[in-house]
Amino acid sequence: MPEGHTIHRLATALTARFGSREVRASSPQGRFAEQAAIVDGARVRQVRAHGKHLFVEYAGRGAPVVHVHLGLGGRVVVGQAPAPEPRGAIRLRLETDSAYADVRAPTVCELIDPRREAALIAKLGPDLLARAPDPAAVRRRVSRSRVAIGALLLDQRLFAGIGNAYRSELLYRCGVSPWTPGADLGADGFDELWEEARRLLADGRRTGRVSTVDRADLPRGQRRAARRALAPEDEASGSAVARARARETYVYKRAGLPCRRCGAEVQTGSLGGRDVYWCPTCQPGASEPASAASDGAVG
DNA sequence: GATTTATGGTAAT
DNA sequence: TTACCCTAAATCT
């Protein structure tokens, strides 16, 4: 479910409901019970996102922070009070008289102090959904790297917030093969990717969906729906069906289908440990190495 | 009922 | 590079 756009959307929704309020905290599942008790009833200041990380910040100097990372399968359901009887494993439930939020299946849910929050953020690259993320340091590192840009884009130390769906879509929209070494992009190529990433993620934050296809490239019948924000009930359900319905992509998850622009068969391969998708015609240049995979970390 | 999958990340090898 | 982590829902048998 979660790339940066989802987490930022959540931060906004949670701040609106819990910011500046005293919030009950509990762990119906039990695994976060001790920590929840510590912040139970405390006043939340705000909920902040950096890339794919979520921070529930409490009021008061040195007050603890709840750090959540949803990982692959995690999700947060936000709703109006009264919260329903807990069903399944709810790691953390936040609750006021008017709203509740359930955190399920997070990779990380921990109580930390503000210092630790700052340290975590310091390890991440600029958040593409920040007001004015500075690309200078990232540009420099990419320009010196022989690692494929498709792998670099997933490195959160460089690009905080980009995930697997956006990386493929981003590269398609910029006409860049995922296998292009970072150094071969050139400054202009890098800047184009950077700005396009910001645009796409901002769009996702606005609509709640990964819809990256230009109107003209969609069949007539789909044009209207693709630009509309995701229906609240679909977003709340978070089901795979709702997610698939909320997705209009050029190449992501379209292996073997014809490219929406040129008709060539969309390709898939493994890069950076995840499935990557591309159109061999619209994204010319470096191609998949014949010998299995040449992944890598930052070079 | 069992297995697979997911828009992620880390630790071990 | 692989294994593994958490969990829910989809897909299998």
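Note on naming: letters A, B, ... go to the chains in the order of the sequence lines (proteins, then strands), and numbering restarts at 1 for each one. FYI, side chains are in, hydrogens and waters are out, and symmetry mates aren't considered; it's all heavy atoms of this structure. Keep in mind that this is a model prediction, so the values were computed, not measured.
- The only option from A:His53, A:Glu117, A:Glu57, A:Arg116 that meets the side chain to side chain donor-acceptor pair (under 3.5 Å) definition with A:His67 turns out to be A:His53.
- We find that CG of A:Leu124 is positioned 14 Å from C1' of B:dT10, with the value rounded to whole Å.
- Nucleotides C:dC6 and B:dG1 are separated by 23 Å at their P atoms, to the nearest Å.
- Rounded to whole Å, atom C1' of B:dT7 lies 16 Å from atom CG of A:Asp203.
- Under the ring-ring contact (aromatic ring centres under 6.0 Å, His included) test applied with A:Tyr250, the options A:Tyr277, A:Tyr166, A:Trp278, A:Tyr172 reduce to a single match, A:Tyr172.
- For the pair A:Lys52 and B:dT7, the criterion of a side-chain N or O lying under 4.0 Å from OP1 or OP2 is not met.
- Between the CD atom of A:Gln156 and the C1' atom of B:dG8 there is a distance of 8 Å, rounded to whole Å.
- Rounded to whole Å, the separation between the C1' atoms of C:dT1 and B:dT7 comes to 23 Å.
- The NZ atom of A:Lys123 sits 11 Å away from the C1' atom of B:dT10 (whole-angstrom rounding).
- An OP1 or OP2 oxygen of B:dG9 is reached within less than 4.0 angstrom by a side-chain nitrogen or oxygen of A:His69.
- Between A:Arg115 and A:Asp113, none of the side-chain N atoms (NZ, or NE/NH1/NH2) sits under 4.0 Å from a carboxylate O, so this pair counts as no salt bridge.
- If you measure from atom CG of A:Asp275 to atom P of B:dT7, you get 8 Å, rounded to the nearest angstrom.
- At least one donor-acceptor pair under 3.5 Å links the side chain of A:Gln283 to the backbone N or O of A:Val176.
- Non-hydrogen atoms lying under 4.0 Å from DNA chain C are contributed by nothing in residues 33-40 of chain A.
- The pair A:Asp275-A:Lys253 does not count as a salt bridge, with every side-chain nitrogen at least 4.0 angstrom from each carboxylate oxygen.
- The distance between atom CG of A:Leu170 and atom C1' of B:dT7, rounded to the nearest whole Å, is 14 Å.
- For the pair A:Arg93 and A:Tyr100, the cation-pi test (distance below 6.0 Å, angle within 45°) is passed.
- The distance between atom NE2 of A:His53 and atom P of B:dG8, rounded to the nearest whole Å, is 11 Å.
- Residue A:Leu153 contributes atom CG, which lies 15 Å from atom C1' of B:dG8 at whole-angstrom precision.
- Judged as a side chain to side chain contact (heavy atoms under 4.5 Å, CB included), and not counting sequence neighbours, the contacts of A:Thr249 are A:Glu169, A:Thr212, A:Arg247, A:Tyr252, A:Arg254.
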Expected rows: protein N/O vs nucleotides 4-8 of chain C N/O, under 3.5 Å:
unit_1 : atom_1 : unit_2   : atom_2 : d
C:dC6  : O3'    : A:Arg31  : NH1    : 3.2
C:dC6  : O3'    : A:Arg91  : NH2    : 3.4
C:dC6  : O2     : A:Ala105 : O      : 3.1
C:dT7  : OP1    : A:Gln29  : NE2    : 2.2
C:dA8  : OP1    : A:Ala89  : N      : 3.0
C:dA8  : OP1    : A:Arg104 : NH1    : 3.2

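- Remark: side-chain polar atoms of A:Arg21 are paired, donor with acceptor, to backbone N or O of A:Gly19 under 3.5 angstrom.
- Across all non-hydrogen atoms, the minimal contact from A:Arg274 to A:Leu154 is CG-CD1, 3.6 Å.
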